Amino acid sequence: MWVASPRRLEATANQFFARLPLDVRFELERHLEYVSLSVGKGLYERGAQAHHLLLPLTCVVGLVNVSEDGASTLVALVGAEGLVGLPALLSGRVASVEALVCTPGLAMRVPAELLRQAFVSDPAVQKLVHGYMQAFVAEMIETAHCARHHGTLQQLSVLILRANDKQGSGELLLTHERLAGMLGLRRETVSHAAQALQARGLFTYRRGHVHVTDRAGLESVACGCYARIQRVYRDVYSES
Ligand SMILES: [Zn+2]
């Protein structure tokens, strides 16, 4: 199920991990495992007990709410700024949404109980987790607002910018079909919007590989949701 991967990145490439107290980082490093994740891989099923937390390095994970009729809604994206498995960290409880790999890459897997013990006993870890939760909730609020009030070009620009930020750098592997699933829109609608953005020279798209070529231009198309999401993470992490 999990594919061991050669260690190619420092653990501190994950911004949440980098802000943990040194003693907690040393303890986690003794137990963490580097894994290579492929697109579409399910990490937690809704209702399943999460025994491990995932700290993305170069992959991006989508947290998805799936209804009984199979309709899915993207709730949040998690990349190198955060962690997947927040409920397990806070209470040891089961996952409330499904977690799916949106863009492939590396992540670190750590036992949930280890970080939970540090959270319970260390005020510095509590401050970091509370700050991360604040940003995470703000991102969910902006995501819901964007889906309800803003156009396809704006939503698509925000999603590509967010995924790009969360991956760290480089190229995204995001097919039109996957983008449509994440936005809850029809594939044709997303393809049309993507072609319009490509025609403006904002990114290139080849066989599912999205490469942002004009970041400032893409930001100018995006609605204010992107800037607000960006600001809340910057504020929270600049305090820790
Ligand atoms: Zn928006």
Side-chain angles (χ1 to χ4, degrees), residues 15 56 59-67 71-84 86 96-103 131-205 208-238:
Q15 294 171 45
C59 67
V60 179
V61 175
L63 303 183
V64 180
N65 187 51
V66 182
S67 63
S72 62
T73 308
L74 180 71
V75 177
L77 287 176
V78 184
E81 87 296 341
L83 63 92
V84 181
L86 208 46
S96 54
V97 291
E98 293 186 15
L100 287 171
V101 179
C102 296
T103 66
Y132 177 69
M133 279 172 58
Q134 186 186 335
F136 185 80
V137 170
E139 179 171 358
M140 285 198 295
I141 291 169
E142 294 297 342
T143 301
H145 179 83
C146 198
R148 177 72 180 82
H149 294 286
H150 297 145
T152 308
L153 281 183
Q154 291 176 311
Q155 288 185 50
L156 184 58
S157 301
V158 171
L159 182 57
I160 290 173
L161 285 165
R162 283 167 62 203
N164 207 62
D165 290 349
K166 287 167 186 285
Q167 192 196 30
S169 63
E171 208 171 54
L172 297 166
L173 188 53
L174 281 171
T175 61
H176 286 179
E177 192 168 4
R178 187 157 296 280
L179 286 165
M182 291 162 79
L183 291 171
L185 297 169
R186 290 173 59 234
R187 185 189 178 283
E188 294 74 17
T189 307
V190 169
S191 292
H192 187 70
Q195 282 159 11
L197 294 175
Q198 279 175 258
R200 297 189 200 182
L202 305 182
F203 61 84
T204 59
Y205 178 84
H209 293 263
V210 176
H211 180 69
V212 176
T213 47
D214 181 359
R215 190 182 168 83
L218 203 54
E219 287 185 18
S220 71
V221 175
C223 39
C225 304
Y226 173 65
R228 286 194 292 275
I229 292 170
Q230 202 183 29
R231 198 179 311 129
V232 70
Y233 277 104
R234 194 177 55 226
D235 289 352
V236 159
Y237 276 163
S238 66

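Fair warning: this is a prediction, and the values are worked out from it, not measured in the lab. In this chain, numbering begins with 1 at the start of the sequence shown. Atoms within each ligand, like the ligands themselves, are counted from 1 in listed order.
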Would Tyr132 and Glu81 count as a side chain to side chain contact (heavy atoms under 4.5 Å, CB included) here? Give the steps.
CA-CA 9 Å; Tyr132 177 69; Glu81 87 296 341; 4.1 Å; yes
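- Considering CG of Leu159 and CZ of Arg178, their distance stands at 11.5 Å, rounded to 0.5 Å.
- Residues Pro56 and Val84 approach most closely at CG-CG2, 4.3 Å, considering heavy atoms.
- At the Zn ion (ligand 1), the vertex angle linking SG of Cys225 with SG of Cys223 is 110° (nearest 10 degrees).
- When distances from the Zn ion (ligand 1) to the N, O or S atoms of His150 are compared, ND1 comes out shortest.
- With respect to the salt-bridge test (charged N to carboxylate O, under 4.0 angstrom), the residues Arg162 and Glu142 do not qualify.
- In summary, no N, O or S atom of His149 is located under 2.8 Å from the Zn ion (ligand 1).
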